[in-house]
Amino acid sequence: MKKNTSHDTIQDAGGRLLGLDGVDGGRIRGLLESAKVMAETGGMGGAGEAGEELAGKTVGMLFFENSTRTRMSFGLAVQMLGARVLEMEAQGSSLAKGESLVDTALTIESMGVDGLVVRCAEAGGAWMIAQHTKCAVVNAGDGRHEHPTQGLIDLYAFAHAHGRADSWDLSGLTLGIVGDVVNSRVARSAIAGFTTLGARVVCIGPVAMVPEAIRCLGCEVERDLDGVIGGMGGGMGGGLDGVMMLRVQFERHGGDGLRNDGAGRLDYRTRYAMTVERAARLGDGAVVMHPGPMNAGLEIDLEVARGEAGGGRSLIREQVAAGVAVRMAVLEEVISGKNV
Amino acid sequence: MSSILITKSRVLDPSQQLDLQADVAVSQGLIQQIAPDINPHGFDQIIDASGCLLTPGLIDPHVHLREPGQEHKETIETGTHAAIQGGFTTVCCMPNTAPALDSPLLIQGLIARANQTAHCRVFPVAAGTINRQGSHPAPIHALADAGAVGISDDGDAIFDSSVMASVLKACADVDLCFMQHCQDPTLTRNASMHAGEIATRLGLIGWPREAEEIIIQRDLTLNRSVGCRYHIQHVSSAGSIDLIGTAREQGQPVTAEVSPHHLNLTHEACAAPDGRSFNTNAKMNPPLRQQADIDALRHAVADGIITVLATDHAPHALHEKQQPFASAPFGIIGLETALPLYAQALIATGLIDWPKLIELLTINPARLCNLDRLGLGSMALNSPADLTIIDPNLTWTCTEDQLAGKSTNTPFIGETLTGRAVTTIVQGQIVHTMLPIHQSGQPSL
């Protein structure tokens with residue numbers, strides 16, 4: 001009759017991918033290598049055909065928050081591995097009728113699924129489900145906390161662009177993450193993943209978006225994007241090998257943050273947007289990334305995003321393209337235990 | 001009503017500066033005699049309390065008993081059962097119930113309900129504003145007459161300065177303390193834990209110290225011309241200590257309480273055990289802060305800036321705590337683990353001694369809520385025989401099975417603790433004991 005207050009420690013390796021923070025480099029490199037094989041061969045089924053890696057398995061998609069690219073990308077990955085997809089509609093779901101996150105997950109698990117892909121508007125949602133289920137669990141984004149498959153996608157695209165897709169060793173390279181870091185699950189996963197593989201990560205933005213406390217994640221903090229791009233600010237020296245432009249999430253800022261009005265948008269754009277002019281000053285080898293969805297014209301100019309103007313090379317399409325292969329690698333690993 | 005003799009204990013009564021080896025005799029529900037070697041002949045019950053402390057019954061001026069309206073979390077019966085197991089003979093319950101305790105009838109109803117079901121004394125604290133909305137002052141004079149022993153909108157601060165001034169004046173009129181829950185709501189929107197590294201790592205919205213300090217600063221300014229007895233609930237921030245200390249030096253009528261968890265845990269408990277978890281049993285309001293805050297709070301007790309200890313016992317059901325961190329409610333239970341946790345933070349560290357700790361758990365909270373006028377918090381002759389026997393060296397492990405309340409939302413499950421209330425006596429009745437009692441008429445063993 002008494003309640004469960006005990007803690008099961010979540011295994012980082014095998015069965016779960018809840019975040020990149022704390023995941024060792026060997027596992028990350030293994031997942032990236034698997035993703036490369038998936039991308040090059042299309043997996044067991046060959047290019048464009050469904051394989052049998054997870055034949056007979058079922059993956060439940062628990063998207064408690066709206067998503068387009070992540071959901072479609074995971075759905076395609078499940079099908080390419082030969083597994084069944086079980087979809088849940090958040091609207092009109094048992095959750096909307098008052099059932100808890102955990103009980104909804106337990107219900108779906110009881111139907112006999114082998115893995116759950118969880119998207120949740122709150123930090124720790126996937127973690128909490130993993131505490132109470134035995135099947136594989138992949139975090140597909142939880143509030144402001146982590147989005148580990150997006151982090152792997154960013155690593156994959158960045159390593160390819162810099163010729164590191166064999167060693168998966170990013171030492172000597174510097175990634176600038178620009179903008180709304182404090183509200184970004186993508187940034188938290190990227191900081192963990194990039195630093196684990198040896199890269200230097202510099203977060204650049206106003207105090208309301210890049211507080212000093214962010215340093216505890218293992219990154220550096222700068223305020224002056226132009227100075228960093230020019231290689232003059234903050235002792236940067238060599239400029240940036242890539243910039244990740246984050247979506248400004250005004251809706252997540254409280255009253256003391258940046259405001260979504262003319263003044264707030266003008267302030268942000270003046271100092272931190274990747275404009276055509278600013279992109280022109282990026283170094284030759286530098287890449288431009290954005291996890292999407294974009295506020296084109298706010299944090300990034302459309303011409304830069306599409307690679308039609310400015311310097312640097314837009315990796316945005318490559319990021320999306322890598323999504324299916326990376327998610328195939330992750331699902332195969334957590335469900336069948338396979339890690340190259 | 002039976003007579004009781006408690007022998008061979010160290011008797012501590014800070015209200016009379018008593019600290020001696022003695023026996024204590026109780027009859028007719030009152031303290032009859034404190035002296036060495038009282039003749040045991042004729043007593044109905046005899047307790048050998050060798051090696052133990054005997055103190056006035058402990059008083060907790062800040063608990064949530066959840067009646068009326070939230071009985072799935074706790075009731076007066078279950079909450080006071082937890083209280084007597086923890087050594088408390090008196091608790092003051094907060095008015096953030098459903099409905100809030102904002103009318104004389106509700107206060108009278110609460111008292112009547114407690115008279116029927118409580119295991120110890122229960123005194124209600126009434127709301128300062130109607131429905132705790134912070135916009136219209138409650139009928140504070142009438143609430144005092146109905147039996148409220150303090151006024152508070154606990155769970156929320158009264159944010160409107162003019163309403164606050166009005167409430168402070170009314171409290172001063174009737175000589176009730178006003179207990180403020182110090183939280184600027186505009187700085188804590190969607191916040192769920194201390195603004196620091198752990199919140200940053202977990203992606204949770206941070207709750208800054210300033211949210212507490214700003215309210216304290218405003219209230220101290222407002223109260224300068226009013227002079228109400230102003231009490232700060234569950235202080236959490238080192239900066240608050242500076243403000244309170246300065247105000248007390250200036251002679252302002254301000255007091256403060258601190259909880260067992262704020263004296264013992266940092267924000268790291270929210271991510272325990274591996275630094276990447278989301279432990280909702282460490283989610284509380286105000287949030288657990290950092291080691292520097294713990295150090296400041298502990299020293300503030302030693303320095304006499306904090307003069308009251310309070311658990312903020314806040315039961316929540318499993319389905320409420322088993323939610324994503326930001327959605328889970330704030331608060332943990334505390335009555336049964338309070339005593340050893342206070343001892344761990346304050347005595348084991350050498351900051352204070354047992355007589356000082358007992359002062360903060362008896363006569364000081366009694367004075368805060370005017371309960372000293374009823375003789376509570378003291379072992380003066382002919383005062384009510386509310387007594388606690390404490391074994392300061394008893395080591396025990398906190399398990400869910402031992403908890404008497406309805407809920408088990410505490411991060412201290414599995415902790416090994418030292419010190420425990422082994423007997424609790426209310427109005428001359430033994431309501432909890434782990435010691436053998438020799439009953440008269442039975443042959444001695």
Side-chain angles (χ1 to χ4, degrees), chain A residues 1-12 18-23 64 98-103 120-132 141-147 181-185 187-189 191-192 210-218 252-257, chain B residues 184-206 208 210-211 270-281 283 316-328 332-333 398-403 405-414:
Chain A
M1 61 170 269
K2 287 294 185 178
K3 292 104 183 155
N4 168 29
T5 49
S6 63
H7 263 291
D8 305 318
T9 303
I10 297 292
Q11 295 288 320
D12 279 333
L18 304 176
L20 294 186
D21 180 24
V23 176
F64 297 103
E99 190 169 72
S100 77
L101 201 68
V102 169
D103 286 317
C120 174
E122 289 189 76
W127 177 90
M128 180 148 268
I129 285 172
Q131 286 283 304
H132 296 277
D142 62 327
R144 313 192 316 164
H145 177 225
E146 282 231 35
H147 193 351
V181 175
V182 73
N183 285 315
S184 176
R185 55 194 175 209
R188 280 179 181 75
S189 291
I191 293 166
V210 184
E212 285 292 323
I214 286 284
R215 287 181 194 276
C216 71
L217 302 179
R252 289 192 195 263
H253 279 273
D256 57 343
Chain B
D184 181 331
T186 65
L187 288 177
T188 54
R189 288 194 189 103
N190 300 320
S192 55
M193 68 172 292
H194 173 59
E197 287 193 5
I198 307 294
T200 301
R201 183 172 292 274
L202 297 181
L204 295 166
I205 295 180
E210 290 85 340
C270 299
D274 59 358
R276 297 185 185 87
S277 295
F278 292 81
N279 185 359
T280 59
N281 279 340
K283 178 181 176 181
H316 292 291
L318 177 66
H319 72 270
E320 296 167 323
K321 278 292 193 180
Q322 199 177 88
Q323 295 189 78
F325 199 92
S327 293
I332 64 168
I333 59 168
C398 176
T399 62
E400 291 174 24
D401 299 345
Q402 301 176 27
L403 299 172
K406 271 197 177 177
S407 302
T408 59
N409 52 306
T410 165
F412 297 108
I413 299 281

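Treat the numbers as computed from the prediction; the structure is a model and nothing was measured. Letters go in sequence order (proteins before strands), and every chain restarts at 1.
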- [ ] Just jot down the side chain to side chain donor-acceptor pair (under 3.5 Å) partners of B:S192, sequence neighbours excluded, or say none.
- [x] none
- [ ] Decide yes or no for A:L217 and B:R201: does some side-chain heavy atom of the first lie under 4.5 Å from some side-chain heavy atom of the second?
- [x] yes
Open item on the list: For B:A326 versus A:E122, what's the shortest heavy-atom pair and its separation?
Closed with: CB-OE1, 3.4 Å
- [ ] With rounding to the nearest 0.5 Å, note down the distance linking CD in B:Q322 to CD in A:Q131.
- [x] 9.5 Å
- [ ] Please list, chain by chain and in numerical order, all residues satisfying ring pair (Phe, Tyr, Trp, His ring centres under 6.0 Å) with B:H194, sequence neighbours excluded.
- [x] B:H267
Open item on the list: Please report the interatomic distance CZ(B:F278) to CG(A:D142), rounded to the nearest 0.5 Å.
Closed with: 5.5 Å
Task: Distance in Å, A:R215 CZ paired with B:T200 OG1, rounded so as to fall on 0.5 Å steps - done: 12.5 Å
Task: Contact check, side chains of A:D103 and B:H319, non-hydrogen atoms, under 4.5 Å - done: no
TODO: Write down the atom of A:A123, the atom of B:P324, and the distance for their closest heavy-atom approach.
DONE: O-CB, 4.2 Å
Task: Contact origin within A:V182 toward chain B - heavy atom pairs under 4.5 Å - done: neither
Task: Nearest non-hydrogen partners of A:C216 and B:E197, listed with the distance - done: CB-CD, 3.2 Å
TODO: Search all heavy atoms of B:K321 against all heavy atoms of A:M128 and return the closest pair with its distance.
DONE: O-CE, 4.5 Å
